[in-house]
Each structure stands twice: as C-alpha cells, then as structure tokens.
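Just so it is clear, the values below take in all heavy atoms, side chains as well, and ignore hydrogens, waters and symmetry mates. For reference, positions follow the sequence shown, starting with 1.
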Amino acid sequence: QVQLVESGGGLVQPGGSLRLSCAASGDILKNFVMSWYRQAPGKQRELVAVITSGVSTYYADSVKGRFTISRDNAKNSVYLQMNSLKSEDTAVYYCNAGRTSNNGPYWGQGTQVTVSS
C-alpha cells in the first residue's frame, strides 16, 4: 500500500539549511505529482513546492529562491533543500503525492522544522 515517510527535520538557526526527504512506497508511480506542504501552529496548511517529472516545478512566493524540490525516481524519493531559513519557516512539513496534481490523497506523517536563535 502507499506509504510516505518524511525525515530530515530538526532545529536550525536563522540562515541555516536543512534537507528534508520523503521516501515513498513502490505503489507511487513514477509520474505521480509530488509536493511539500507545511503547517505552522494556528495556521492553515499551505503548499510549499511541487514537482512533476523532475523538471517541472512550482514554488510558493515565500520560499522561491531559497528552497529547491527534487526527486529521485529510482529511489522513489522526493527532497526539499531549504537554504537561508527564516523563523517564519518554522512548521511541520508534509510530503504529498497525487496521480494528476498536487493536493493528492497520499500524505506522510510530517517532520518538524524549527528555525530559532
């Protein structure tokens, strides 16, 4: 069955970097749309980045130029490289998969990212 497992979260100082990983089960097709969402306390879950084929990507304005989404289809994994982190990036980050678009039916359990000095 479909499984998504995030890892790589932690506590980092402002300006620092983290790389999040999402390991997907073999049920996830190579052409599935993969995305990252995040949710801060008391806030709605928001879309952070989307990747389709490893070439087509989308980023929220708040992270554009700082975050990079990528995927390794051979490993059935997706990554989020986060640079120049700010306190407002603090949130639980979730991996998502769908057959045709972002906001698909498959979700990971989330990994906590805390940016604080």
Problem - Close side-chain approach of Met34 to Tyr106, heavy-atom, < 4.5 Å - result: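 Counting from C-beta outward, Met34 and Tyr106 never come under 4.5 Å.
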
Problem - Test item: Arg38 and Ser62 side chains (from C-beta on) under 4.5 Å apart, heavy atoms - result: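 The answer is yes, as the side chains (C-beta and beyond) meet within the 4.5 Å cut-off.
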
Distance in Å, [X] [atom1] paired with [Y] [atom2], rounded so as to fall on 0.5 Å steps:
X: Thr57; Y: Arg71; atom1: OG1; atom2: CZ; value: 12.0 Å
X: Trp36; Y: Thr111; atom1: CH2; atom2: OG1; value: 7.5 Å
X: Tyr37; Y: Leu80; atom1: OH; atom2: CG; value: 13.5 Å
X: Cys22; Y: Leu4; atom1: SG; atom2: CG; value: 4.5 Å
X: Arg45; Y: Asn103; atom1: CZ; atom2: CG; value: 9.5 Å

Problem - side-chain contact (heavy atoms from CB on, under 4.5 Å) between Ile69 and Val50, worked out - result: CA-CA 7 Å; Ile69 188 171; Val50 182; 5.6 Å; no

Minimum heavy-atom separation for [X] and [Y], please, with both atom names.
X: Val48; Y: Val63; value: O-CG2, 3.7 Å
X: Gly98; Y: Pro105; value: CA-CD, 4.1 Å
X: Ser77; Y: Ala23; value: OG-CA, 4.1 Å
X: Ala40; Y: Ala91; value: N-CB, 3.8 Å
X: Tyr59; Y: Ala49; value: CD2-CB, 3.7 Å
X: Ser117; Y: Pro14; value: N-CD, 3.7 Å

Exercise for the section: Taking atom CD of Glu46 as the centre, report whether more than 12 heavy atoms of other residues, nucleotides or ligands fall under 6.0 Å from it. Expected result: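 Correct, the count exceeds 12.
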
Exercise for the section: Please indicate whether Gln44 has more than 12 foreign heavy atoms, meaning atoms of other residues, nucleotides or ligands, lying under 6.0 Å from its CD. Expected result: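 Counting other residues, nucleotides and ligands, CD of Gln44 stays at 12 neighbours or fewer.
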
Problem - Residue among Thr52, Asn102, Asn96 satisfying side chain to side chain donor-acceptor pair (under 3.5 Å) with Ser35 - result: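 It is Asn96, the one option of Thr52, Asn102, Asn96 that forms the side chain to side chain donor-acceptor pair (under 3.5 Å) with Ser35.
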
Polar side-chain atom of [X] near backbone of [Y] as donor-acceptor pair, under 3.5 Å:
X: Ser25; Y: Gln3; value: yes
X: Gln109; Y: Val5; value: no
X: Glu6; Y: Cys95; value: yes

Problem - Residues Lys86 and Asp89 bridged, charged N to O under 4.0 Å - result: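 Looking at Asp89 together with Lys86, the answer is no, because their closest N to O distance does not fall below 4.0 Å.
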
Exercise for the section: With side-chain contact (heavy atoms from CB on, under 4.5 Å) as the test, would you mind laying out the steps for Thr90 and Gln112 before giving the verdict? Expected result: CA-CA 8 Å; Thr90 296; Gln112 176 71 49; 4.1 Å; yes

Practice task
Could you check Phe67, Tyr79, Tyr93 and say which one makes a side-chain contact (heavy atoms from CB on, under 4.5 Å) with Leu20?
Solution key: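 For Leu20, the side-chain contact (heavy atoms from CB on, under 4.5 Å) test succeeds with only one of Phe67, Tyr79, Tyr93, which is Tyr93.
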
